[in-house]
Protein chains: 2
Amino acid sequence: MQPNQIDVHDTADERLRRDGQRYTANRRALVDAMASADRPVTVVELIDVATGMPQSSAYRNLSVLEDAGVVRRLVTADDTARFELAEDLTGHHHHHLICEACGTITDIDVPTDLEDGVATFAASIAMSHGFRIEHHRLDLIGVCPACSTAAS
Amino acid sequence: MQPNQIDVHDTADERLRRDGQRYTANRRALVDAMASADRPVTVVELIDVATGMPQSSAYRNLSVLEDAGVVRRLVTADDTARFELAEDLTGHHHHHLICEACGTITDIDVPTDLEDGVATFAASIAMSHGFRIEHHRLDLIGVCPACSTAAS
DNA sequence: TTTACTGCAAAGGGTTTGCAACATG
DNA sequence: CATGTTGCAAACCCTTTGCAGTAAA
C-alpha cells in the first residue's frame, strides 16, 4: 500500500535534483526523522533527533524540501511550525486531530464518503469563486486525553 | 437569522464582565471593525480602521476578547494571525477559503449534509481517541482569482 | 572550478510584557 | 480609591539571512 523507505529517499533525491539541489546528509536526516514520526513534528523535535544540526540548517533545508514538494509545513494555533512528509511521498492522505492545550497534532484517517463530500464541495467552490483549489484541510480541534487529565 | 449589531456589543460586554473586564472604547472599536469585515482580519487591518490604537493595545485587547470567547484567532500559512468574531456571536457557522499566495481568507458556507458528515466523523474520533473535540475546521486552500491573474 | 551547502552569528518581524500614568466602577 | 486599562519602549521567540568557509558535481 505504502511506498517503502527507499522510495521516499529516491523520490526526495529526484525532486531536489529537479530544482538543482542536492540530497545531502542533513536533508536525508530530516526526511528520516519525519518518516519515522507518525505525526507532524516541530523543528526542535527534528533537531533533537538529528543531533548536532544547527537550527539555521534545519530551517533552511526544510524550506528547500518544502519548495521541492518533499515536505509540507503546517501552522496551527500555537506559533510553531510543524513539518510532515508530503502526502504523495507517503501515499497516505490524512487529516489532523489537534490538541489546543499542548499543540500536539495526531494524524487521522477520514472515511471515503466524507472525503468525497469534501471534494465535491471544493469543486463547487472553485467554480463559484474562480479559485484554483490546491488542497483542503479538515482539522478536529480539542483537548487530548493527556491534557484533559493534567487540567483536572 | 443573525443577531444584530447591538446584540453583538451587548454579548461582548456581558462576556467581558463575566471575566472581570471592561468593555472599553478600544475593545468596542475592535469588535466594530471585525463585525463590519466579511472575513478574518489581521491586526494591521484592525489598527488601520481603529485609527491611533497602538499595536500593543490591539494585541492585548484581542487576547482579552479571545479569552472571553468574543473573538477567535486564526493562524494559517503566513505567520500573521487573523481575527474574527466568535461564531456564536454572529450566529453564522462558516468555513474558510484561503489564498496561499496573498494569505487572504474568505468566509464560505458549507452544505448541511457535509456539515453533518463532519459532525458524525468528529464524534467517532472523539470516542476512539478519548479526545474532547471543541470544534472543527474545514479549509479550502488554493490561489484566488486576483493572485492567479497577477502571476500570469 | 563552479555551484551548492554548511554553520555561526546577527538581524527580522510578529507578538508579548514591564512599568508608570490614566480611567472607570 | 481599588482595580482594570492604556501606551510607550523594550524584550521575546521563532525564523530568516549575510558571510566566509567547505564539499560536491
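Small disclaimer: the values here were computed from a predicted structure and weren't measured. The chains referred to below are lettered A, B, ... by the order of the sequence lines, with proteins before strands, and numbering in each begins at 1. The analysis underlying the following values was restricted to heavy atoms, covering all of them including side chains, and did not include hydrogens, waters or symmetry mates.
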Q. Separation of B:Leu65 atom CG from D:dG4 atom C1', in whole Å?
A. 14 Å
Q) Angle, rounded to 10°, between the helical axes spanning five pairs at each terminus of the helix from C:dT1-D:dA25 to C:dG25-D:dC1? A) 30°
(Q) Less than 4.0 angstrom between a side-chain N/O of B:Tyr59 and OP1 or OP2 of C:dT16, yes or no? (A) no
Q: Report yes if a donor N or O on one partner sits less than 3.5 Å from an acceptor N or O on the other, where the partners are the side chain of A:Arg22 and the base of C:dT3; otherwise report no.
A: yes
Q: For B:Asn61 and C:dT15, give me the distance from atom CG to atom C1', rounded to whole Å.
A: 14 Å
(Q) Is B:Asn26 close enough to D:dT6 that one of its side-chain N or O atoms is under 4.0 Å from OP1 or OP2 there? (A) yes
**Q.** In one Ile/Leu/Val/Met/Phe/Trp/Tyr side-chain cluster, 4.5 Å: B:Tyr59, B:Met34
**A.** yes
(Q) Starting the side chain at C-beta, find the nucleotide from D:dT6, C:dT6, D:dT15 nearest to A:Ala81. (A) D:dT15
**Q.** Closest non-hydrogen atom pair, A:Arg132 against B:Ser148
**A.** NH2-OG, 4.0 Å
Q) Can you check the A:Leu74 CG to D:dT15 C1' distance for me, whole Å? A) 17 Å
(Q) Rounding to an integer number of Å, can you tell me how far A:Leu16 CG sits from C:dC5 P? (A) 8 Å
(Q) Can you work out whether B:Gly20 or B:Met53 has the more 5'-proximal nearest nucleotide on DNA chain D? (A) B:Gly20
Q: Mind listing the closest non-hydrogen atom pair of B:Thr76 and B:Ile105 along with its distance?
A: CG2-CD1, 3.7 Å
(Q) Nearest 0.5 Å, please: how far is CG in B:Leu114 from CG in A:Leu114? (A) 6.5 Å
Q.
OP1 or OP2 of D:dT6 versus the side-chain N and O atoms of B:Arg60: is any pair under 4.0 Å?
A. no
Q. B:Ile47 and B:Met53: which non-hydrogen atoms are nearest, and at how many Å?
A. CG2-O, 3.6 Å
Q) Do any side-chain nitrogens or oxygens of B:Ser56 fall under 4.0 Å of OP1 or OP2 in D:dA9? A) no
Q. Quick check: does any side chain N or O of A:Arg72 sit under 3.5 Å from a backbone N or O of A:Pro40, one acting as donor and the other as acceptor?
A. no
Q) Which nucleotide, D:dC8, D:dT5, C:dT6, lies nearest any side-chain atom of B:Gln21? A) D:dT5
**Q.** B:Arg17 vs B:Arg73, nearer the 5' end of DNA chain C by closest nucleotide
**A.** B:Arg73
Q. What is the distance, rounded to the nearest whole Å, between atom CZ of A:Arg28 and atom C1' of C:dA4?
A. 18 Å
(Q) Between P on D:dT16 and CG on A:Asp67, what's the gap in Å once rounded to a whole number? (A) 11 Å
**Q.** d(CG, B:Asp19; P, D:dT3) in whole Å
**A.** 17 Å
Q) Do the non-hydrogen side-chain atoms of A:Phe83 and A:Leu65 ever get within less than 4.5 Å of each other? A) no
Q. So, is A:Gln55 close to the D:dC14 phosphate, meaning a side-chain N or O under 4.0 Å from OP1 or OP2?
A. no
Q. Would you say a side-chain N or O of B:Ser57 is under 4.0 Å from OP1 or OP2 of D:dT6?
A. no
Q) Quick one: do A:Val143 and B:Ile125 end up in the same hydrophobic cluster if we chain Ile, Leu, Val, Met, Phe, Trp and Tyr together by side-chain heavy atoms under 4.5 Å apart? A) no
Q. Tell me: CD1 of B:Ile47 to C1' of C:dT15, nearest whole Å?
A. 11 Å
